Structures are given as structure tokens and as C-alpha cells.
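Notes for the one structure printed next.
Please read all numbers here as calculations on a predicted model, not as lab measurements. Every chain is numbered from 1 and lettered A, B, ... according to where its sequence line falls, protein lines coming before strand lines. Below, all heavy atoms of this structure are taken into account, side chains as well, without hydrogens, waters or symmetry copies.
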2 protein chains.
Amino acid sequence: MAATIMIVEDEPAIQELISYNLRNTGYVVLCASSAEQAREMVNDVLPDLVLLDWMLPNMSGLEFAQKLRQGARTKAIPIIMLTARVDESDKVAGLEMGADDYITKPFSPRELVARIKAVLRRRLPEVSDEVVEVGGLKLDPTTHRVTVSDQESAAKSTEIVLGPTEFRLLHFLMTHTERVHTRSQLLDRVWGDHVFVEDRTVDVHIRRLRRALEDVGKDELVQTVRGAGYRFSTRCEVGAE
Amino acid sequence: MAATIMIVEDEPAIQELISYNLRNTGYVVLCASSAEQAREMVNDVLPDLVLLDWMLPNMSGLEFAQKLRQGARTKAIPIIMLTARVDESDKVAGLEMGADDYITKPFSPRELVARIKAVLRRRLPEVSDEVVEVGGLKLDPTTHRVTVSDQESAAKSTEIVLGPTEFRLLHFLMTHTERVHTRSQLLDRVWGDHVFVEDRTVDVHIRRLRRALEDVGKDELVQTVRGAGYRFSTRCEVGAE
DNA sequence: AGTATTTGTCACAAAATTGCAATGATACCT
DNA sequence: AGGTATCATTGCAATTTTGTGACAAATACT
């Protein structure tokens, strides 16, 4: 539930101010005073969102943001830029580069929190680590494992092996069942906004997910809704005879 | 194929963000920072679609939209409203006034592009995702399912399978019941304005819809009004008095 | 560095949907 | 009753949408 937010800001006072407010709101906060430091921290802990000061000592915020967008693990992390300047070209550069939002100093803590919430809201499945169990499938985010919860198939451990993307896809579907998701929606919520990927790529990952589920006979949970998208449903998909 | 899209947005950063993404997708983009400027531009170039910020400096977005709807040349241009507010009355006002869709900030670039494509492809209202329940039928846009809500045929699976067009047709009919719609009106509202399709084709889709409803004995809800069109009504049609 | 996974895209196959036209049925009018 | 306009029904070809395997690039692992 508690999202982790990384602050990259060289001015200690502002860093403290933000940090205090975010912790107060219930976020886990990581602080870095330079882009270099931030880069190291990212290797250890992946934040759910980055607050990035535009003006940094050595490496500019822009540069750091680009690095984030390049790395496979980090490319989907939302970035909110903090900028003191009202320089238009900066905003433009930042947004083109893929920042999710920007906020100009001075800002009110309330506004900052509001923007953070807004950006996180349209994000990957709520950062919950709770075990999801639907339709005879059990997915555990902490252990990163998917198993069949109906026993019948076998007394053996019936673990389903998935690639990272298929795992996130299944996680999202299992936490948003019965509802039809368009390919675009899935890309936004499972891949992330700035990741530019063909719509049809979703098909392929759905296919991979289904193939994995076939082994345990659970593949009919992932259903195609023609002209609309895909759906995870425990109800039979064919009303036929 | 490159459609021209006009952005009317006073905040330069957002204007840039949108503009960048749309150009990236292959659209030709025109930018205006005010309604006045937009009006002038429209005299030179007719865009295929207008992205309109709700809050503008002098003339409001609503006002500009009305102007567009008044002009003979511009009345058919689809409008997508950009709104920071989630105020219901705004949505309603905007949609009633003739906006084709609305999108609330913050939005993801992909979602925006998806909506633009959807609107350009067929000017569908698709305003509500609310479940519609009439005459013992239940249609849920989010799960994309149609079921019978009377219990009687319980043993059977009560789901009704429809193709995309029949689904949209039924959705429209169920949200506009007890009223006769001409074939042209149905084509406009269900297929979209600029689509050229024979009037008679509606008959075929009505037939397909009826056939699907026959399975659960609900086909008499879709009634023919000779010389006028079709109607969805819960009242029995044997009007022979 | 080398190897194994993972990922996105493409091309083609398969399946479903769509619109039209031709034909048959029905209601309305004189 | 007959004539005519309107609607119903069906088959079919064209189009659209989705499934699937292969492949190359990118990334992670040793």
C-alpha cells in the first residue's frame, strides 16, 4: 500500500520539507542529493515515483531522467519534475522527454501530494503485495509465484512459470476481473505510459500467458472480447449450448 | 490519411506535451492558445478534430464549442474536451453541447491518442459506462456482457453473445427506449456520422440482434414501426386495438 | 565475454464480423 | 383482391480482427 517515492533534490531545506510532508502522508521516502547518488539508490530499491529537481549539481535532471527512461527496469517509473524556473523551453524538454507532470516552485505541499496521487492513480496495479486468488489461481506478489489453488490437477506442486511481463499482466487482470480492458488500457496499466509499444503486442503476451495457463487447464479465464479487448473472468465465455 | 488536429489550450507546457505526442503518432497539429486565435485559424484550415481545453482565458471552451457547432463548415468537426475537473455537471454540459468525448487531466498520451482514434473512426458518444437494465435485460458496458435479469431461464447460461455492432446497437436502444429511431438516426448514433452504409443494412443487424435475443425469449423488445424505424419497448407491441 | 531469457514486431493463418443484394413475406392502400 | 411499398431473412464475399509462430534485438545471468 505504501508507495515508495524518491526525491532527487540538492537543496537540503526543500528536500526536508518535501520528505516531511510525504512521510506524513504515508509514503516511504528515499532522498538523494545528486543524480549520481540517485542512480546508485535506484539499483537497490525501485521507487514507484521519482520527484526530480530540474537543476542539479553535476548531471542535470534531464540527463538523469533520460537514464531512467533507458533502463529496462526503470523506464516505466513516473517522473514529476520540480522546477524553479518558468522557462518554457525547460518544461517542453522535460515533458517531451517523458516526465509525467511538472510543478514549479514555490508549490504548496498539498498541491504536490495531489499531483503525486494523480500520477500514481493511473499507474500499475496498486502497489499492493497482497495475495490475489481468483478462479482457482493464486498469485503471490511477494514470492512472485503463481499456483493453482484447486488441488485436483495433481497433488504435486503446480506452479506456473511466467515471464515478468506475463506476471504483471496476470496480476493486473486478476486484480481487475470481469471488466474488459482495451489493449491501450493494458499497455498503460501494465507496461506504463511512456513505453511506446504496438497495440498488437498485447496479443502476443496474452498468448504467452494463455499458453502457460493451458498446462493447468486455466487458460479459459483469459477471454477475448472481439472489438473491445481482453477480460479475466471466472464465468464461462460462451453462452452457447 | 494524416488527420489534422487542432489543440486549443492556454498552458504552453501541456500544449507542447500533447502536440509532441500527436505529431509523433503521425497527425498534423495546429496549436491555439485562446479561443480567439482558434477561431481565426479555423478560417484558414479546417481541422478533422478539435482538442479543447475547458478552461480558457477569455472565451470559455464551452462557448468556442458552440461557435463551432453553429458554423456550417465546422458543425461536424468532432470535439474532445480536456478538463481538469471531474465535475459531473461539466461533463454533462460538455456532452450535451456536442462534445464527442472528454478526457480529464492528467491523462496518459496513449489514452489521448486512443480516444482520438476512436472518435475519428466513428463518432460514438460512448458517454456512459453504467449498467443499463431494461425489460429483463441487463447490459454492462464495462464487462461487455448482456444477460437476462429475470431468473426463469436459470439453468441455462443466461449470457447473450453479440457481435460488436449488435452490442452497440442494443446499448443505444436500451439507453433510448420507448422511442422510434429511423434507420438514418441509428446509423448516425450507432455507426457514426461519416460512415456511408445502406439504410437497409440496419435491418440485417436488427435481425441479428433479434436472433440473439430469441434464445432467451426477449426478442419482442425490439419492435418494428412500419414506415418509421425501430423501437426498443417493454410494452407489448400488438398494438392492434 | 558468453549464454539464456525476455521482448517487441512482423507475417501469415484463422476466425469472426460486416455490408450488400437477392428473394420471400407482410402490412397498407385503393 | 390486387398492387405496392416496406420489412424479414438468408447467403456470401469482402473486410476486419485476432491467433500464432518465428525472429532479432535487448536484457539479465554466470
Side-chain angles (χ1 to χ4, degrees), chain A residues 42-43 46 67-76 144 160-170 180-184 186-187 190-192 194-214 219-220 222-231 237-240, chain B residues 110 114 117-118 120-122 124 144 160-170 180-184 186-187 190-192 194-214 219-220 222-231 237-241:
Chain A
V42 164
N43 288 331
L46 272 188
K67 295 273 189 233
L68 278 184
R69 286 285 179 257
Q70 278 166 17
R73 277 207 331 263
T74 58
K75 73 168 67 155
H144 220 264
I160 299 160
V161 190
L162 295 175
T165 303
E166 283 75 43
F167 185 86
R168 289 200 309 273
L169 179 58
L170 181 60
V180 176
H181 310 281
T182 66
R183 293 179 174 74
S184 291
L186 288 174
L187 286 176
V190 178
W191 274 255
H194 348 271
V195 188
F196 292 103
V197 171
E198 290 292 319
D199 268 16
R200 290 301 308 279
T201 296
V202 175
D203 295 27
V204 178
H205 285 274
I206 286 282
R207 158 69 177 145
R208 288 168 182 158
L209 176 56
R210 277 175 177 160
R211 179 148 50 190
L213 294 179
E214 271 173 22
D219 58 305
E220 298 205 342
V222 180
Q223 305 170 356
T224 302
V225 179
R226 221 152 219 277
Y230 295 97
R231 172 177 61 194
E237 66 175 317
V238 258
Chain B
R110 186 178 292 110
K117 281 185 182 166
L120 283 180
R121 198 159 134 240
R122 46 193 167 144
L124 278 183
H144 219 268
I160 298 158
V161 185
L162 297 174
T165 304
E166 282 75 45
F167 186 88
R168 291 199 307 272
L169 179 58
L170 180 60
V180 182
H181 309 282
T182 67
R183 292 178 175 73
S184 294
L186 288 174
L187 285 176
V190 178
W191 274 255
H194 59 299
V195 185
F196 171 65
V197 172
E198 288 291 322
D199 267 16
R200 289 271 142 236
T201 296
V202 175
D203 296 26
V204 179
H205 285 275
I206 287 283
R207 158 69 176 143
R208 287 170 181 153
L209 176 56
R210 278 175 176 159
R211 178 151 51 192
L213 293 179
E214 274 172 19
D219 58 305
E220 298 205 342
V222 180
Q223 305 169 356
T224 303
V225 180
R226 203 177 174 79
Y230 296 96
R231 172 178 58 194
E237 70 173 318
V238 279
E241 50 276 67

**Message:** What is the separation between atom CD on A/Q223 and atom P on D/dG19, rounded to the nearest whole Å?
**Reply:** 12 Å
**Asked** Less than 4.5 Å apart, any side-chain heavy atom of A/Y230 and any of A/T224?
**Response** yes
**Request:** Send over the distance from B/L169 CG to C/dT18 C1', rounded to a whole Å.
**Result:** 13 Å
**Message:** Please compare B/R200 and B/R211 by the position of their nearest nucleotide in DNA chain D and report the one closer to 5'.
**Reply:** B/R200
**Request:** Would you indicate what B/R208 reaches in the nucleic acid, counting non-hydrogen atoms under 4.0 angstrom: base, sugar-phosphate, or nothing?
**Result:** base
**Asked** With a 3.5 Å cut-off and just heavy-atom distances, do the side chain of A/R226 and the base of D/dT18 make a donor-acceptor pair?
**Response** no
**Message:** Counting only side-chain nitrogens and oxygens, does B/T224 get under 4.0 Å of the OP1 or OP2 atom of D/dT6?
**Reply:** no
**Prompt:** Taking side chain as C-beta onward, heavy atoms only, is B/V204 less than 4.5 Å from B/R208?
**Reply:** yes
**Prompt:** Are the side chain of A/R168 and the backbone N or O of A/V190 linked by a donor-acceptor pair below 3.5 Å?
**Reply:** yes
**Message:** Rounded to whole Å, please give me the gap between CD in A/E198 and P in D/dT17.
**Reply:** 15 Å
**Fill in**
5'-most contact on DNA chain D (nearest-nucleotide basis), B/R210 vs A/R210, goes to B/R210
**Message:** The side chain of A/R183 is closest to which nucleotide in this list: C/dT9, D/dG19, D/dT18?
**Reply:** D/dT18
**Prompt:** Taking only N and O in the side chain of A/R207, is any of them less than 4.0 Å away from OP1 or OP2 of D/dT18?
**Reply:** no
**Request:** Answer with base, sugar-phosphate or nothing: what part of the nucleic acid does A/V202 contact at a heavy-atom distance below 4.0 Å?
**Result:** nothing
**Asked** Whole-Å distance between D/dT10 C1' and B/D203 CG?
**Response** 13 Å
**Request:** Check whether any side-chain N or O of A/Y230 sits under 4.0 Å from OP1 or OP2 of D/dT17, and answer yes or no.
**Result:** no
**Message:** A/R207 vs A/D203, test: side chain to side chain contact (heavy atoms under 4.5 Å, CB included). Steps then yes/no.
**Reply:** CA-CA 6 Å; A/R207 158 69 177 145; A/D203 295 27; over 6 Å; no
**Request:** Give A/T165 one of three labels, base, sugar-phosphate or nothing, depending on what nucleic acid heavy atoms sit under 4.0 Å from its own.
**Result:** sugar-phosphate
**Message:** Looking at C/dG8, I'd like to know if its phosphate oxygens (OP1 or OP2) sit under 4.0 Å from a side-chain N or O belonging to A/W191.
**Reply:** yes
**Complete:** Atom CD1 of A/I206 and atom C1' of C/dT9 are separated, to the nearest Å, by 17 Å
**Prompt:** Between C/dG8, C/dT18, D/dT18, which nucleotide has the shortest distance from any of its atoms to the side chain of B/E166?
**Reply:** C/dT18
